[in-house]
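Only one structure is covered here, and it is reproduced in the block below.
Numbers for residues simply follow the sequence, beginning at 1.
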Amino acid sequence: MGEKRVFLIRHAESEQNVATRAFESGDLRQLVTIARLGFDAPLSPGGVAQLEEGTKLFAQQRFVERNGVELVAHSPLDRAKRTAIALFGSTSVPLVEVPFMYERTLSEYFNTAAFDRRLRQIEQWVAGRPEASIVLVAHGQVFKRAVGIHPENLGVIECTFTEGEGLKLVKYLGVLRESPPSQGA
């Protein structure tokens with residue numbers, strides 16, 4: 001198959017995102033929170049609110065129809081799964097879980113070759129799909145390693161994909177927001 005369009009969407013804000021920001025701002029106690037949350041941190045209250053707003057915007061902006069989305073694939077981690085279901089669950093587009101599309105593990109920070117092998121596995125999965133327009137709902141570190149952008153929560157990255165070149169960045173669309181009012185309104 002030829003070139004595909006792939007949209008990378010980072011999950012809504014998780015409790016770990018909140019704790020990490022607090023830790024990076026100097027609250028060392030957050031290390032305990034981060035450790036307690038573990039690998040599959042739930043959405044934060046802010047993340048739930050993001051999904052409520054994001055769901056409305058994706059529908060209002062007709063994201064699926066405008067981009068011809070034929071398949072939504074998501075990480076097995078709860079925050080990505082809940083994001084995919086919230087944004088696309090009411091559409092007719094099939095949702096599938098990809099078991100190896102999880103966030104970067106601690107060991108993969110030290111063994112980047114293992115992380116790169118898993119990213120190639122994701123690309124091979126995309127290559128094997130017949131759909132021409134696919135959404136991947138996953139994690140910031142996965143997207144950063146794949147295309148060089150660590151999007152904000154609910155950030156959307158538009159890419160092309162070919163078997164020979166893999167994922168290639170087209171543009172970072174940011175977080176979908178309500179359109180500003182037109183001039184004179």
Side-chain angles (χ1 to χ4, degrees), residues 1-12 14 17 39-41 43 50-51 54-55 57-59 61-109 111-176:
M1 173 164 241
E3 186 174 272
K4 298 180 185 203
R5 288 178 79 195
V6 178
F7 294 91
L8 310 177
I9 300 177
R10 185 177 178 208
H11 60 79
S14 71
N17 297 139
F39 194 62
D40 196 5
L43 292 176
Q50 283 178 334
L51 282 183
T55 299
L57 290 173
F58 271 68
Q61 296 183 16
R62 301 178 45 81
F63 185 88
V64 168
E65 297 82 4
R66 222 171 10 101
N67 295 298
V69 175
E70 299 171 85
L71 180 70
V72 175
H74 60 81
S75 158
L77 300 182
D78 185 64
R79 57 195 180 268
K81 184 185 302 189
R82 286 187 60 192
T83 299
I85 291 168
L87 297 179
F88 301 101
S90 66
T91 71
S92 62
V93 176
L95 274 70
V96 297
E97 183 172 295
V98 179
F100 44 84
M101 199 162 60
Y102 49 86
E103 180 61 288
R104 188 175 194 171
T105 65
L106 183 59
S107 66
E108 288 172 335
Y109 279 95
N111 183 357
T112 56
F115 191 38
D116 290 340
R117 279 192 299 276
R118 192 160 57 80
L119 292 177
R120 282 193 299 279
Q121 188 179 15
I122 294 167
E123 288 188 339
Q124 289 168 349
W125 183 87
V126 170
R129 298 299 309 186
E131 296 85 4
S133 183
I134 300 172
V135 170
L136 303 180
V137 181
H139 307 278
Q141 290 297 323
V142 171
F143 300 154
K144 181 179 179 182
R145 188 74 175 174
V147 297
I149 293 176
H150 189 281
E152 57 191 305
N153 295 108
L154 286 190
V156 180
I157 304 169
E158 182 179 354
C159 300
T160 58
F161 177 86
T162 59
E163 272 194 76
E165 298 203 12
L167 287 168
K168 294 295 175 197
L169 174 67
V170 173
K171 62 184 164 184
Y172 179 47
L173 302 174
V175 176
L176 294 185

Inset, instruction - Look up atom CG in N111 and atom CG in L106, then write down how far apart they are to the nearest 0.5 Å. - result: 11.5 Å
Inset, instruction - Check C159 against L8 and note the closest heavy-atom contact, atom names and distance. - result: SG-CD1, 3.8 Å
Inset, instruction - Would you mind reporting whether L136 and M101 have side-chain heavy atoms less than 4.5 Å apart? - result: yes
Inset, instruction - Starting from the C-alpha separation in whole Å, work towards a yes-or-no answer on side-chain contact (heavy atoms from CB on, under 4.5 Å) for L154 and L51. - result: CA-CA 8 Å; L154 286 190; L51 282 183; 4.1 Å; yes
Inset, instruction - Determine, for E131 against K4, whether the closest basic-nitrogen to carboxylate-oxygen distance falls under 4.0 angstrom. - result: no
Inset, instruction - Sequence neighbours left out, what passes ring pair (Phe, Tyr, Trp, His ring centres under 6.0 Å) with F7? Give chain and number order. - result: F63
Legend entry - Test log, rule side-chain contact (heavy atoms from CB on, under 4.5 Å), inputs V147 and I157: CA-CA 9 Å; V147 297; I157 304 169; 4.2 Å; yes
Inset, instruction - Indicate yes or no: at least one non-hydrogen side-chain atom of T162 is less than 4.5 angstrom from one of E165. - result: yes
Legend entry - Chi angles and distances behind the side-chain contact (heavy atoms from CB on, under 4.5 Å) call for R5, V170: CA-CA 9 Å; R5 288 178 79 195; V170 173; over 6 Å; no
Legend entry - From Q50 atom CD to L43 atom CG, the distance as rounded to the nearest 0.5 Å: 8.5 Å
Legend entry - For the student: nearest non-hydrogen atoms of R79 and A41, plus distance: NH1-N, 3.2 Å
Legend entry - Within 45° cone of F143 ring axis and under 6.0 Å: R10 NZ or CZ: no
Legend entry - For the student: nearest non-hydrogen atoms of A138 and A80, plus distance: CA-CB, 4.3 Å
Legend entry - Nearest heavy-atom neighbours spanning E70 and P94: O-CD, 3.4 Å
Legend entry - Set of side-chain hydrogen bond (donor to acceptor under 3.5 Å, both in side chains) partners for N17, sequence neighbours left out: S14, N153
Inset, instruction - Would you sort out whether T105 and E108 count as a side-chain contact (heavy atoms from CB on, under 4.5 Å), showing the intermediate values? - result: CA-CA 5 Å; T105 65; E108 288 172 335; 3.1 Å; yes
Inset, instruction - With R120 as the cation and F115 as the aromatic partner, state whether NZ or CZ is under 6.0 Å from the six-membered ring centre and within 45° of the axis. - result: no
Legend entry - Heavy-atom side-chain proximity of F161 to K168 below 4.5 angstrom: no
Inset, instruction - Test H11 against S75 for side-chain hydrogen bond (donor to acceptor under 3.5 Å, both in side chains), laying out the working first. - result: CA-CA 9 Å; H11 60 79; S75 158; over 6 Å; no
Legend entry - Non-hydrogen atoms of R104 and V142 that approach each other most closely: N-CG2, 4.4 Å
Inset, instruction - Drop me the distance from E3's CD to T160's OG1, to the nearest 0.5 angstrom. - result: 4.5 Å
Inset, instruction - Could you pull out all residues at least two apart from D40 that satisfy side-chain hydrogen bond (donor to acceptor under 3.5 Å, both in side chains)? - result: none
Legend entry - Separation between CG of L119 and CD of Q124, rounded to the nearest 0.5 Å: 11.0 Å
Legend entry - Side chain to side chain, L87 and V72, heavy atoms closer than 4.5 Å: no
Legend entry - Close side-chain approach of L95 and I85, heavy atoms under 4.5 Å: yes
Inset, instruction - Tell me, yes or no, whether the heavy-atom count around R66 atom CZ, taken from other residues, nucleotides or ligands under 6.0 Å, exceeds 12. - result: yes
Legend entry - For the student: nearest non-hydrogen atoms of A146 and L167, plus distance: CB-CD1, 4.3 Å
Legend entry - Spatial distance of atom NE2 (H150) from atom NE2 (H139) [nearest 0.5 Å]: 10.5 Å
Inset, instruction - For the residue pair T55 and F88, establish whether any side-chain heavy-atom pair is separated by less than 4.5 Å. - result: no
